[in-house]
Amino acid sequence: MTPPKHSAKIERLKKRRQFLAVAQGLSCARGAVLIQDLPRPSTQEPAELSQVSDPIIGLGFTATKRLGNAVVRNRAKRRLREAARLLTPLHAEPGHDYVFVARNGAPNRPWARLLDDVKTALLTLAAGRGDPPRPARPNQSRDGRSGRSKPAPSSSR
RNA sequence: CCAGACGGCCGGGCGGUCGCUUUCGCACUCGUGCGGGAGAGGAAAGUCCGGGCUCCACAGCGAUACGGCGGCGGGCAACACCCGCCGGGGGCGACCCUAGGGAUAGCGCCACAGAGAGUAGACCGCCUUCGCCUCGGCGAAGGUAAGGGUGAAAGGGUGGGGUAAGAGCCCACCGCGGACCUGGCGACAGGGACGGCAUGGCAAGCCCCGCCGGGAGCAAGACCGAAUAGGGACCACGCGCCUGCUUGCAGGUAGGGCCAUCGCUGGCCCGAGGGGUCCGGGUAGGUCGCGAGAACCGCGUCGCAAGGCGCGGUCCAGAGGAAUGAUCGUCGCGUCCGGGUAUACCCGGGCGGCACAGAACCCGGCUUAUAGGCCGUCUGGCCCA
């Protein structure tokens with residue numbers, strides 16, 4: 001195992017407000033997972049914030065009802081939680097909040113592929129190349145994103 | 001052995017590695033570490049009934065409205081549940097199904113077809129009389145409702161007598177109603193003097209009868225309670241001028257602001273406050289509610305059973321974006337392919353094959369979903385003895 005990049009404390013996001021806030025940040029979809037990323041709102045004074053970045057990573061996990069019944073949703077979130085436990089010490093940015101959204105295939109995608117999905121998504125976000133948030137009440141004009149420099153999503157097979 | 005009926009049970013096993021929640025013990029740098037224990041279901045589901053619990057409302061009784069229930073007896077805290085029995089229907093049978101009170105309390109409805117569908121009716125027919133006439137029919141009047149035809153249903157059925165032809169017109173049996181008798185706690189069953197065909201179906205159309213029923217729900221409810229804003233009390237400081245008094249308040253005024261701008265006039269508003277300490281309401285948030293119970297497991301006993309009683313033993317999830325798992329190996333099962341000879345069976349390999357489904361305050365039920373498998377009792381066949 002590679003040594004962790006940092007030893008940031010990990011917190012769980014628990015309130016609906018927190019999830020809605022992170023949804024305003026960058027996002028990146030890879031395979032069976034969509035990850036949203038937002039720098040943490042500073043709870044300290046600006047002077048204190050400037051010295052060292054806030055050493056906390058916030059994590060949240062979501063699965064919509066579209067994915068399946070409660071058993072399927074729980075299984076998807078558990079697998080994402082396990083993947084996040086293994087990979088966030090290596091690839092996540094301290095001082096950021098992440099929300100892992102389960103997509104189709106999250107409950108039964110081969111474990112190695114799911115780990116790869118999470119890893120590449122985290123790296124893409126760390127490089128600041130995620131997608132901007134969708135408009136709040138969208139008509140979903142899908143040509144609005146066509147020109148963006150987004151790598152083709154790895155086709156799930 | 002085959003086909004089937006009913007009842008009960010299980011619903012992946014084992015082992016690595018890494019984790020989560022909680023509890024106990026021990027450490028210490030006091031929130032972490034180490035060790036031990038416990039940690040989803042038969043439906044946790046749907047949220048359809050019945051309760052516990054909490055808050056709100058409420059003198060008692062009756063009536064009305066609304067909703068629910070509806071054979072009888074028993075069980076239960078209670079029920080729309082369960083058990084046993086009765087009536088009706090289905091099956092060769094084991095068994096299964098059954099919204100099963102009232103149609104002489106009243107209203108309403110009975111499509112289509114048909115002459116007629118509920119104070120019955122007469123299309124084809126049948127019979128009598130009369131008339132005409134080509135002697136076989138036609139027409140008119142009347143009597144009928146057996147037969148045909150329509151329909152889910154045609155105002156009892158079958159047989160006989162009777163008659164011009166017929167008809168409960170009369171008779172027998174069946175059916176129907178039924179005083180009463182017998183058995184049963186009862187639903188009901190058996191018999192039945194007598195009546196003499198009057199009494200069709202639908203109550204899942206309205207309704208009538210009997211019984212039951214306050215409302216909302218753990219987001220119930222209780223407690224703690226930050227920042228900010230607002231409320232109250234007290235303290236000291238300050239507050240142009242006038243008046244009043246209950247001596248810290250009220251009214252007026254100088255002054256200021258607004259009504260697009262300027263002048264005049266008019267209207268409205270401000271016209272003493274800020275600071276400190278304390279108090280109470282309340283938001284975010286947090287804690288409790290929260291699991292020893294109509295509990296579970298044995299044994300005994302009563303009961304056909306549901307279940308009751310007695311004795312002994314056990315402690316059995318408590319999360320909160322929501323733990324109870326993730327992953328790897330192996331075994332088991334299923335399926336596909338190839339081979340051994342075709343069935344049975346065996347060997348090798350593949351599988352992104354392994355049910356329905358996740359506690360959310362807690363119990364008792366109901367309903368619905370469910371791959372595969374096990375056990376028991378019974379029924380109908382076939383073979384052997």
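Given the structure is predicted, the values throughout are model-derived calculations rather than measurements. Every chain is numbered from 1, with letters handed out A, B, ... down the list of sequences.
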(Q) Under 3.5 Å for both donor-acceptor distances, Watson-Crick or wobble: does B:rC374 have a partner, and if so which one? (A) B:rG8
Q: Just name whichever nucleotide pairs with B:rA3, Watson-Crick or G-U, keeping both distances under 3.5 Å, else none.
A: B:rU379
Q: Using whole Å, report how far CG of A:Asn74 lies from P of B:rC356.
A: 16 Å
Q. Hey, can you pull the residues of residues 62-69 of chain A with a non-hydrogen atom under 4.0 angstrom from RNA chain B?
A. A:Thr62, A:Asn69
Q: Considering only atom P, compute the distance from B:rA272 to B:rG256 and round it to an integer number of Å.
A: 15 Å
For nucleotides 324-331 of chain B, which of its nitrogen or oxygen atoms have a protein nitrogen or oxygen under 3.5 Å away, and what is each distance?
residue, atom, partner, partner atom, Å
B:rU324, OP2, A:Arg78, NE, 2.7
B:rU324, OP2, A:Arg78, NH2, 3.0
B:rA326, OP1, A:Arg75, NH1, 3.0
B:rU327, OP1, A:Arg79, NE, 2.7
B:rU327, OP1, A:Arg79, NH2, 2.6

Q: Quick one: look up who B:rA306 pairs with, Watson-Crick or G-U, both distances under 3.5 Å, and put none if it's unpaired.
A: none
Q) Could you give the CG-to-P distance, from A:Asp97 to B:rG321, as a whole number of Å? A) 16 Å
Q | Who pairs with B:rG147 - Watson-Crick or G-U, where each distance is under 3.5 Å | A | B:rC124
Q | Complementary nucleotide for B:rU22 - Watson-Crick or wobble, under 3.5 Å | A | B:rG37
Q) Roughly, in whole Å, what's the span from NZ in A:Lys14 to P in B:rC20? A) 14 Å
**Q.** Base-pairing mate for B:rA344 - Watson-Crick or G-U, with both contacts under 3.5 Å
**A.** none
Q: Please work out which of the three classes, parallel, tilted or perpendicular, describes the rings of A:Tyr98 and A:His96, given edges at 30° and 60°.
A: parallel
Q) Is A:Leu123 close to A:Thr120 at the side-chain level, that is, under 4.5 Å between some pair of heavy atoms? A) no
Q) Atom CG of A:Leu87 to atom P of B:rG19: distance rounded to whole Å? A) 15 Å
Q: Measure the distance from CG on A:Asn108 to C1' on B:rC354 and round it to the nearest whole Å.
A: 14 Å
Q. Now, which nucleotide makes the Watson-Crick or G-U wobble pair with B:rA317, with each of the two distances under 3.5 Å?
A. none
Q.
Rounded to whole Å, how long is the line connecting atom CG of A:Leu86 with atom P of B:rC20?
A. 12 Å
Q. Separation of A:Leu59 atom CG from B:rC20 atom P, in whole Å?
A. 14 Å
Q. Any side-chain N or O of A:Arg12 under 4.0 Å from OP1/OP2 of B:rA322?
A. yes
Q: Determine the Euclidean distance between corresponding C1' atoms of B:rU182 and B:rA193; express it in Å to zero decimal places.
A: 16 Å
Q.
Taking only the P atom of each, what is the distance from B:rC362 to B:rC218 in whole angstrom?
A. 12 Å
Q) Does any non-hydrogen side-chain atom of A:Leu67 lie less than 4.5 Å from one of A:Asn104? A) yes
Q) When rounded to the nearest Å, what value does the distance between P atoms of B:rC126 and B:rG156 take? A) 25 Å
**Q.** Paired nucleotide for B:rC135 [Watson-Crick or G-U wobble; both distances under 3.5 Å]
**A.** none
Q. According to the salt bridge (Lys or Arg N to Asp or Glu O under 4.0 Å) rule, which pairs have a member within residues 71-82 of chain A, sequence neighbours left out?
A. A:Glu82-A:Arg85
Q | Identified side chain to side chain donor-acceptor pair (under 3.5 Å) counterpart of A:Thr124 within the set A:His91, A:Lys119, A:Arg129, A:Arg30 | A | A:Arg30
Q.
Distance check needed: B:rG320 P versus A:Leu13 CG, whole Å only.
A. 15 Å
Q | B:rC194 to B:rC174 separation - P atoms, rounded to the nearest Å | A | 14 Å
